[in-house]
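Side chains included, hydrogens not; waters and symmetry mates left out as well; all remaining heavy atoms used. Keep in mind that what you see is a predicted model, and the values were worked out from it rather than measured.
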Amino acid sequence: MNQAAKIVSDSLLGLDFKNVEIGGIVYTIKPPIIKIICRAIRHFSTIEMKGENIVEAIKQIPEVTDGLLNGLSCFICGNEDMAKVLENGTFEEVKDALEVCFSMMDVSAFLCVSSMKNVSMLAARLKQ
């Protein structure tokens, strides 16, 4: 089965989630929608990060910051409400959870949707 079909079928069946443990509590993370990604990015933008990619940049941060916790909270519940609870986790747990979040934003899903939109536009065009 090709990757696009697997992404779509997993999403329809509700199998597109991952669990992470932070501070002794297990949280379920589902692939974020663009609105949630934007909320998280707003918080991550307050952190000084350097690196070739986001995972490398997170490894360079010496401690858990409010920006990291607020961004991670957005990925878990859609807003910043869980940031205080996430403070109970270690830096490694937070870092690992963020890596899981970023891994769920697979570019192939965006490419698949873009391709489907292009095909639908071709099908919907009136012949001239």
Output the distance between atom OG1 (Thr28) and atom CD1 (Ile76), rounded to the nearest 0.5 Å. 9.5 Å
CG of Asp81 to CG of Asn70: how many Å apart, nearest 0.5 Å? 10.0 Å
Can we say Glu80 and Arg42 salt-bridge, meaning some charged N sits less than 4.0 Å from an Asp/Glu carboxylate O? yes
Can you name the nearest heavy-atom pair linking Phe75 to Ile29, along with the distance? O-CG2, 4.1 Å
Checking Ile25 against Asn88 for the side chain to side chain contact (heavy atoms under 4.5 Å, CB included) test, could you report, in this order, the C-alpha distance in whole Å, the side-chain angles of both residues, the deciding distance, and whether it holds? CA-CA 9 Å; Ile25 301 173; Asn88 296 329; 5.9 Å; no
Lys84 NZ: over 12 foreign heavy atoms closer than 6.0 Å: no
Shortest non-hydrogen pair, Ile22 vs Ala97, comes out as CD1-CB, 3.7 Å
Closest non-hydrogen atom pair between Arg39 and Cys74, with its separation: CB-SG, 3.8 Å
Taking atom CG of Leu86 and atom CG of Asp66, what is their separation to the nearest 0.5 Å? 11.5 Å
Non-hydrogen atoms of Gly71 and Ala40 that approach each other most closely: O-CB, 3.7 Å
Gap separating the CD atom of Glu21 from the CG atom of Asp96, nearest 0.5 angstrom: 11.0 Å
Would you say the side chain of Ser103 lies within less than 4.5 Å of the side chain of Lys18, judging by non-hydrogen atoms? yes
Quick check: is Met104 connected to Ile33 through a chain of hydrophobic side chains (ILVMFWY, heavy atoms under 4.5 Å apart)? yes
Set out, in order, the CA-CA distance, both residues' side-chain angles and the distance that settles side chain to side chain contact (heavy atoms under 4.5 Å, CB included) for Leu72 and Tyr27, then state yes or no. CA-CA 11 Å; Leu72 181 56; Tyr27 299 97; over 6 Å; no
